[in-house]
Amino acid sequence: MESNSGEISCDNSTERHKSIEEEEEQEEEEGEEILKRRILGHPLYSLLVETHINCLKEAYYLILKKLKEAMEEPLEGATSFINDMYKQLREMNENHTENSKPDSSA
């Protein structure tokens with residue numbers, strides 16, 4: 001019989017411990033809710049949110065700008081190469097045309 005009373009005592013202790021933990025958790029959650037309401041009700045809360053969003057917009061803009069530059073760099077190089085090739089082809093064509101004209105002084 002004694003072992004049963006020891007087990008019951010242990011069970012009661014465990015239940016009390018769980019109950020205390022649940023109460024503490026509930027109080028913590030209530031405290032968090034109160035804090036959230038106080039923050040949301042603060043007169044400068046909307047300014048805080050707006051500033052935060054603007055900061056995210058600025059970061060997004062900077063990332064897009066860097067991406068654009070990274071994408072344009074190879075394109076600019078390719079465009080420059082193609083333009084140089086056209087220039088060389090024109091010069092070669094002009095030189096060939098000048099060399100292939102019959103000499104009118106003869």
Side-chain angles (χ1 to χ4, degrees):
M1 209 48 159
E2 290 179 22
S3 64
N4 277 346
S5 66
E7 289 176 14
I8 293 172
S9 173
C10 185
D11 288 342
N12 287 341
S13 174
T14 304
E15 288 177 19
R16 275 185 266 145
H17 183 66
K18 286 181 182 179
S19 177
I20 292 171
E21 285 180 352
E22 290 172 356
E23 287 176 14
E24 288 174 351
E25 188 176 310
Q26 185 177 3
E27 287 175 5
E28 187 177 322
E29 288 175 5
E30 289 173 359
E32 288 177 4
E33 287 301 315
I34 291 170
L35 182 60
K36 286 178 186 178
R37 283 188 295 229
R38 288 183 65 195
I39 291 171
L40 288 172
H42 194 279
L44 296 177
Y45 178 74
S46 60
L47 179 62
L48 173 69
V49 171
E50 182 180 340
T51 304
H52 182 70
I53 289 172
N54 287 339
C55 180
L56 289 172
K57 287 179 186 177
E58 182 70 21
Y60 185 66
Y61 168 77
L62 292 174
I63 290 170
L64 288 177
K65 184 178 176 183
K66 286 182 182 180
L67 178 63
K68 179 183 176 223
E69 290 171 358
M71 292 173 69
E72 286 178 342
E73 188 176 329
L75 183 61
E76 289 173 358
T79 302
S80 176
F81 174 78
I82 290 171
N83 288 337
D84 289 345
M85 289 296 107
Y86 276 130
K87 182 179 175 183
Q88 289 179 9
L89 286 171
R90 268 190 246 107
E91 290 172 356
M92 288 171 58
N93 189 31
E94 289 172 1
N95 288 339
H96 178 70
T97 305
E98 289 176 4
N99 292 336
S100 63
K101 285 185 182 176
D103 194 8
S104 59
S105 62

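Side-chain atoms are counted along with the backbone in the values below, which use heavy atoms only and exclude waters and symmetry mates.
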Quick one: list whatever passes side-chain contact (heavy atoms from CB on, under 4.5 Å) with [X], sequence neighbours left out.
X	result
Lys57	Ile53, Asn54
Glu72	Lys68, Glu76
Ser46	none
Met92	none

Treat each ILVMFWY residue as a node, draw an edge where side-chain heavy atoms are under 4.5 Å apart, and state whether Val49 and Ile39 are in one component.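 Yes, same cluster.
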Should Leu35 and Leu40 be counted in the same cluster of Ile, Leu, Val, Met, Phe, Trp and Tyr side chains packed under 4.5 Å apart?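 Yes, Leu35 connects to Leu40 through the hydrophobic network.
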How many angstroms lie between atom [atom1] of [X] and atom [atom2] of [Y], to the nearest 0.5 angstrom?
X	Y	atom1	atom2	result
Thr97	Arg90	OG1	CZ	13.0 Å
Met71	Leu64	CE	CG	10.5 Å
Arg16	Ser19	CZ	OG	10.0 Å

Could you note down all residue pairs passing salt bridge (Lys or Arg N to Asp or Glu O under 4.0 Å) where residues 35-50 supplies at least one of them, sequence neighbours left out?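 Only Glu33-Lys36 qualify under salt bridge (Lys or Arg N to Asp or Glu O under 4.0 Å).
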Looking at residues at least two apart in the chain, or sitting in another chain, which of them share a side chain to side chain donor-acceptor pair (under 3.5 Å) with Glu21?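 By the side chain to side chain donor-acceptor pair (under 3.5 Å) rule, Glu21 matches His17.
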Test item: Asn93 and Leu89 side chains (from C-beta on) under 4.5 Å apart, heavy atoms: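 No. Closest side-chain heavy atoms not under 4.5 Å.
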Greater than 12 external heavy atoms within 6.0 Å of Glu73's CD: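 Result for CD/Glu73: open.
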